[in-house]
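Every chain is numbered from 1, with letters handed out A, B, ... down the list of sequences. Treat the numbers as computed from the prediction; the structure is a model and nothing was measured.
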Amino acid sequence: MIRVQAEDFDVGAELASLSEGNHGIGGIGVFVGLVRDMAGDDKIGALTLEHYPGMTERKLEEIEAEARRRWPLEACLIVHRYGRLEPGDRIVFVATASAHRDAALESCRFLIDWLKTEAPFWKLEETPDGGKWVDARDSDNKAKERWVK
Amino acid sequence: MIRVQAEDFDVGAELASLSEGNHGIGGIGVFVGLVRDMAGDDKIGALTLEHYPGMTERKLEEIEAEARRRWPLEACLIVHRYGRLEPGDRIVFVATASAHRDAALESCRFLIDWLKTEAPFWKLEETPDGGKWVDARDSDNKAKERWVK
Amino acid sequence: MKLLYFAWLRTRIGMAEEIVDPPSEVTTVGTLVDWLKTRGPGFAEALKDPSVVRVAVNHDYVKADHPVRPGDEIALFPPVTGG
Amino acid sequence: MKLLYFAWLRTRIGMAEEIVDPPSEVTTVGTLVDWLKTRGPGFAEALKDPSVVRVAVNHDYVKADHPVRPGDEIALFPPVTGG
């Protein structure tokens, strides 16, 4: 399942509902992304996440479907926020549940790596000099390349 | 930090306290292990986790220290339960927080792989034929070998 | 066709979306971008480096040779930075 | 020295822990295990396959040539299966 929302989410509640009643789950891999107060050498006050409604949901659904093709997942949830976020705020949540930990941990990493280069979100940082659009990181493209078959 | 306890834990609360006030954290990698109702082909009703008090804490502390040597972690928590657990119950929780997602996700995986072969816990499954000690899995040793330098 | 601009392409172009009716030689993403660059300094500046412009037609990433048709929703944006 | 047994070693031996005062030829983990095997059929059965017996002295994993001394806490157990 995927969700794109401005609101915060409750990690404990999301995980509980993900695994509830499914006793075939042996492991859940999770990644939670937070807003840092340092981006490079500039202290940031906050950031605004812009996204492309419609395409964002579509890409996230495709990413989830690809993970489910590659690993035997019992459950999968991606939540990504948009709008203005402050340091310490949650940005993204990826959780994958499987019978075994390998599938859970690998698919979790796959999803966050893929999402970073495919899902149409853009970060605008508030810096002392005004707003600054974050540049795409080459390391993110390299991380995705690991998964390209 | 490490904890060995009979009681359940609250994943959301643990994660919140892990990252609270630390705005240098950009990503948290988490693994939650649950009791499955299938072990091989035998349906299990519950299991009892035995451990070696004293040595368990020591090994977990060593494992955490090793992860902190290998990755720049902002925070790290391992919680492992013992005693009788039923299908769906949480067994283990590993969370690692770092500025960047690579360090968080890799160290999380390292910790659970290492813990599986080093921390003195043993699972006794309740099966229709009575109690059955779980055999160590060769795949766990292979998973650990990936990390041996 | 409907055009959408995001992130710094939006701020440089000064507009989030518009409906356009390009000339008949605009048949692909590449010829669309070439035409857009003639529409003013904001467009020329925003689109000058094709290596940092991604294009999606009807929510799918496409390349320069992908056809564009009336009725398409075409989005132009920089490489993504979410997650 | 104090001996601890866990998991199926404990159930086969029929005891979780004991204090022992082994003969003087017991100077290493290996000679300790050899001596333990002479102490009854439960011990012999539990310790017959050294490939599935792990030994910790004072909370550290050790091999067969590791010395054992009075006052040590020595634990014998199967490969671990937690997590």
(message) My understanding is that only residues two or more places apart in sequence, or in another chain, count here; which of them pass ring pair (Phe, Tyr, Trp, His ring centres under 6.0 Å) with Phe9(A)?
(response) Phe93(A)
(message) Applying ring pair (Phe, Tyr, Trp, His ring centres under 6.0 Å), can you list everything that pairs with Trp122(A), at least two apart in sequence or on another chain?
(response) Phe6(C), Phe77(C)
(message) Is Asp89(B) in contact with chain A via its backbone, its side chain, both, or neither, using a 4.5 Å heavy-atom distance?
(response) neither
(request) In sequence, state the C-alpha distance, the side-chain angles, and the governing distance for Arg101(A) and Lys116(B), and then conclude on side chain to side chain contact (heavy atoms under 4.5 Å, CB included). (result) CA-CA 11 Å; Arg101(A) 77 179 187 286; Lys116(B) 284 250 176 194; 3.5 Å; yes
(request) Please determine, among Gly88(B), Ala95(B), Ala99(B), Gly33(B), the option with the most heavy-atom pairs under 4.5 Å with chain A. (result) Ala99(B)
(request) Quick one: which of Ile91(B), Val35(B), Val94(B), Leu105(B) has the most heavy-atom pairs under 4.5 Å with chain A, could you say? (result) Leu105(B)
(request) Please list, in residue-number order, every residue in residues 12-31 of chain A that has a heavy atom less than 4.5 Å from any heavy atom of chain B; write 'none' if there are none. (result) Gly12(A), Leu15(A), Ser19(A), His23(A), Gly24(A), Ile25(A), Gly26(A), Gly27(A), Ile28(A), Gly29(A), Val30(A), Phe31(A)
(message) At under 4.5 Å between heavy atoms, what parts of residues 45-53 of chain A are in contact with chain B? List them by residue number.
(response) none
(message) Tell me which of these, Val92(A), Val32(A), Ile112(A), Val11(A), has more heavy-atom pairs under 4.5 Å with chain B than the rest.
(response) Val32(A)
(message) Check Asp102(A) with Lys142(B), please: is the shortest side-chain N to carboxylate O separation under 4.0 Å?
(response) no
(message) Set out, in order, the CA-CA distance, both residues' side-chain angles and the distance that settles side chain to side chain contact (heavy atoms under 4.5 Å, CB included) for Glu74(B) and Arg36(A), then state yes or no.
(response) CA-CA 12 Å; Glu74(B) 296 284 335; Arg36(A) 285 198 302 147; over 6 Å; no
(request) Find the distance between CZ (Arg109(B)) and CZ (Arg109(A)) and round it off to the nearest 0.5 Å. (result) 9.5 Å
